[in-house]
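Just so it is clear: chains get the letters A, B, ... in the order the sequence lines come, proteins before strands, and each one is counted from 1. Predicted model only: the values in this text are computed from it and were never measured. FYI, side chains are in, hydrogens and waters are out, and symmetry mates aren't considered; it's all heavy atoms of this structure.
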Amino acid sequence: MSFSSLFDGGAGSNLTYGGAVSQPAQGGVLSALSLGLQSNMEGGGQGEMRRMGIIGGGGSGDRDSGGRNSKEEDNGSPSGSDNLDGGSGDDQLDLENPRKKKRYHRHTPQQIQELEGLFKECPHPDEKQRLELSRRLNLESRQVKFWFQNRRTQMKTQIERHENSILKQENDKLRAENMQIKEAMRNPMCGNCGGPAMLGEVSLEEQHLRIENARLKDELDRVCSLAGKFLGRPMPPSLGSALPLSSLDLAVGNNGFAAALGMVAPTLSAVPDFVSVGGSSPLGSVVTAPPGRTTMGGVDRSVERSMYLELALVAMDELVKMAQMEEPLWVGGGLEGGKEVLNYDEYLRAFPRCIGEKPVEFVSEATRETGMVIVNSMALVETLMDATRWMDMFPCMIARTTMTDIVSTGVAGTRNGALQLMHAELQVLSPLVPIREVNFLRFCKQHAEGVWAVVDVSVDGIREFPQPGESNMGCRRLPSGCLVQDMPNGYSKVTWVEHAEYNEAMVHRMYRPLLRSGIGLGARRWVATLQRQCECLAILMSSSISSRDHTAITAGGRRSMLKLAQRMTDNFCAGVCASSSHKWNKLNRPESIGEDVRVMTRQSLDDPGEPPGVVLSAATSVWMPLSPQRIFDFLRDERLRSQWDILSNGGPMQEMAHIAKGQDHGNAVSLLRASAVSANQSSMLILQETCTDASGSLVVYAPVDIPAMHLVMNGGDSAYVALLPSGFAIVPDGDGPGQLAAASDKSDGRRAGGGSLLTVAFQILVNSLPSAKLTVESVETVNNLITCTVQKIKVALNLENIV
DNA sequence: TGTCTAATCCCAA
DNA sequence: TTGGGATTAGACA
């Protein structure tokens, strides 16, 4: 006898336990029976099931239940549950059974068994599956639906309970550990003799504990917030939002970091300061590192790490507040076109000067920007924490970067809590703006599920770094970085804060408003670049690449071409900014060179990506009273190229291939060909990359060999394509409405009110012998080239009268 | 008193 | 209209 035969056996066997328990006298018995069955069922096995079937069959003999069921059916009620509720149509039941009693019933073990079976395979059956099951089990379709609904809820609750207990255990463990540490700190013992430890002996261990403790603090914080989430109420201790320096319940005293940086320490703890910078500790004794211990600039390495950690925590706190607070910290935002400005009085009130006082000759630049970026928080965090990927994400902003040191790799294989020391050269694409060289800590913290923050803060005060060269402006970054929050649509909301102090005297007057406005190296540029680059990645990764190809390029060819274009643009930026990634020799300016044209040379020796010989770079920046968009559109239009480009041979150019890198047509890599062919350049094409976003635009190009390009477009290695880039960088002049006009005096030769700064740069091979000496003629040639190009552009844009 | 379970109510997509 | 979360109510340990 099978289940189906039981259930298919007509009215008598068409039973439900609802019918059975509707008998008050038997309800308890049968329910107990059903429970007993359930436990049997758990034993599993066909024999068991059959037994249950038989017992169930006995139940089916209960005429009352059978009868009642048929009555229910006769009743024609659309819902079994209505009947079970003692619906008004069932007078007999109301009379015979107290309403409370008959409402309750449980599905039969068989039914549950079957439901469980399907649930294992598919916890979310569709309408069809549910109907089929309800037919088979003789249940209302809605009963099946409710069952699955409840089962899912139950499953969720079980999982949550399980996770909760794990978190609680973890939490207890951390508390215990913390107590131990606290205890150990109260009674320092010498590891060798067991006697009371001397202060000098404790310091190493103590510093280790501090680091460990900070990590535990973070971890506990995370666990508490998670546990709180599951319990639906906050779990003490909640330390995440507390000011790190004041949350001394866990932090083991004040570690002297503040003193090291000239800050006023908020508290003095029982634990003395071991860091002695330019003086003695509060106890009056200078602790010198014992022999064999690593020291850096006189500061113990573990002390140094502890200082990094403390600084990172303070910086993180500041970043989060800077990103989230509104007025009075930030004023002037919100209105159409109005720019937010940091209220420095309020800033100084709200935050400790975590990296010390601002040098007198420095100016401040603080900007904030929020934008939606098509990337998830984890991916963005990974990119930011990886030096190479970070540079690839912001190619025109970062000239060079290295990871100097890793202080912490993060908790449990994630980037949460990762702390690293980095060096970077940040650039604005103009010879008039020196590179910003910064040594900073980068600290990553997960604040909630899908919410991350990455903060940078300068560390020049802690470790000795080589003094910046002359092509480098003094610069320090106050807590800067971003808050990333996952959005349901796959985008992230990124709030960027960029706060720097730099020596403005090193920057040409023309570029000062740009920098102060935040378009130069501020939050707007970071966010705009991030948006553009992520959009590009999304487009390249999507299968439906929107392409206006005139020629069919294979996917491999497209990749190669983009890689080549990226190398071209990177080299262009390196030439404009004289970054240290290439060894440029600055030329003492001969008389013939214009005042603002910077000329440099370098030797190209073993790089297959460049022609060998002496490479000369010339770059200049000029102001133009036109919008960046207007200039960009003009320069990237291949049909208008003959108006300024000698490579066009006097005629319009033709686009041979086009790879879109963004929604905006201005973001693309294309291949151009001069339609007017001259004898010696017949085998030449022009590779061009253009990009544009709210912070500026770029047109970079390089003549390339046709056979070499052919190879690349078929997916060949682009590393062997020799090229030297030239091009333009266009940025708004920063003097737009509402911008500071601090530097817009007459000496710039510019008028107030929304123009552009155009940088023109060429790299050309002046001699194919790397050892050759530079001649005055070649310098004059390149100077002529650059001044003529600028002049031609001005003429084409009707600006010939502008000096 | 707390847990399990079938069912209901209400809200948002 | 549907599914999910919150809630209810009866049974039971």
Side-chain angles (χ1 to χ4, degrees), chain A residues 15-43 52 55-56 59 62 65 68-69 72-73 75 77-90 93-94 96-165 168 228-233 449 486-491:
Chain A
L15 83 164
T16 67
Y17 268 68
V21 295
S22 70
Q23 290 288 344
Q26 295 175 21
V29 177
L30 281 171
S31 297
L33 192 61
S34 75
L35 280 170
L37 286 172
Q38 201 157 14
S39 56
N40 281 338
M41 290 273 301
E42 278 156 13
M52 292 185 302
I55 294 165
D62 184 332
S65 67
R68 200 185 71 80
N69 261 338
E72 278 173 14
E73 276 152 18
N75 187 2
S77 162
S79 156
S81 62
D82 286 348
N83 292 328
L84 299 167
D85 278 336
S88 58
D90 207 332
L93 284 170
D94 278 341
E96 282 178 15
N97 310 302
R99 195 188 164 102
K100 278 189 170 182
K101 282 277 172 187
K102 71 184 172 188
R103 179 191 159 117
Y104 186 77
H105 86 284
R106 291 191 179 203
H107 298 329
T108 67
Q110 296 95 319
Q111 287 170 326
I112 290 171
Q113 171 92 352
E114 295 248 347
L115 289 162
E116 286 284 0
L118 181 60
F119 184 80
K120 274 206 192 85
E121 286 168 28
C122 165
H124 220 128
D126 58 23
E127 181 97 49
K128 217 176 112 190
Q129 286 171 296
R130 287 204 310 265
L131 268 172
E132 149 71 16
L133 200 62
S134 72
R135 193 189 54 73
R136 205 144 47 86
L137 300 179
N138 223 27
L139 286 170
E140 289 287 335
S141 139
R142 40 182 282 172
Q143 283 180 295
V144 175
K145 193 176 83 174
F146 291 148
W147 189 89
F148 273 92
Q149 177 62 57
N150 287 320
R151 190 67 184 80
R152 285 193 295 264
T153 311
Q154 187 195 35
M155 183 66 93
K156 219 176 90 180
T157 319
Q158 280 169 354
I159 290 171
E160 278 177 3
R161 203 174 297 155
H162 178 68
E163 286 179 347
N164 211 4
S165 75
K168 268 184 181 159
K229 212 171 70 184
F230 281 119
L231 294 172
R233 60 186 155 83
E449 198 61 36
D486 278 331
M487 291 285 124
N489 57 1
Y491 279 71

In whole angstroms, how far is the P atom of C/dG5 from the NZ atom of A/Lys145? 14 Å
Euclidean distance, atom CZ of residue A/Arg151 to atom C1' of B/dC4 [Å, nearest integer]: 12 Å
Residue-phosphate contact under 4.0 Å: A/Gln149 side-chain N/O, C/dG3 OP1/OP2: no
Rounded to whole Å, CH2 of A/Trp147 lies from P of C/dG4 at a distance of 14 Å
Integer-rounded Å distance: C/dA11 C1' and A/His107 NE2: 15 Å
I need the A/Leu137 CG to A/Glu132 CD distance, nearest 0.5 Å. 9.0 Å
Take atom CD of A/Glu116 and atom C1' of B/dA6, then tell me their distance rounded to the nearest Å. 14 Å
Any heavy-atom pair between the side chains of A/His107 and A/Leu115 that's under 4.5 Å? yes
Nearest to the side chain of A/Arg152, which nucleotide is it out of C/dG4, B/dA6, C/dG3? C/dG4
According to a strict under-4.0 Å criterion, is A/Arg130 in side-chain N/O contact with OP1 or OP2 of C/dG3? yes
Expressed as a whole number of angstroms, how long is the span from A/Phe148:CZ to B/dT5:C1'? 15 Å
Is the ring pair A/Phe148/A/Phe119 parallel, tilted or perpendicular, if the boundaries are 30 and 60 degrees? tilted
Within this structure, what is the CG-to-P distance between A/Asn150 and C/dT8, rounded to whole angstrom? 15 Å
Test A/Trp147 against every option in A/Glu116, A/Arg130, A/Arg152 by the side-chain contact (heavy atoms from CB on, under 4.5 Å) rule and name the one that passes. A/Glu116
Take the protein atom CD of A/Gln143 and the nucleotide atom C1' of B/dT8, then report the distance between them rounded to whole Å. 13 Å
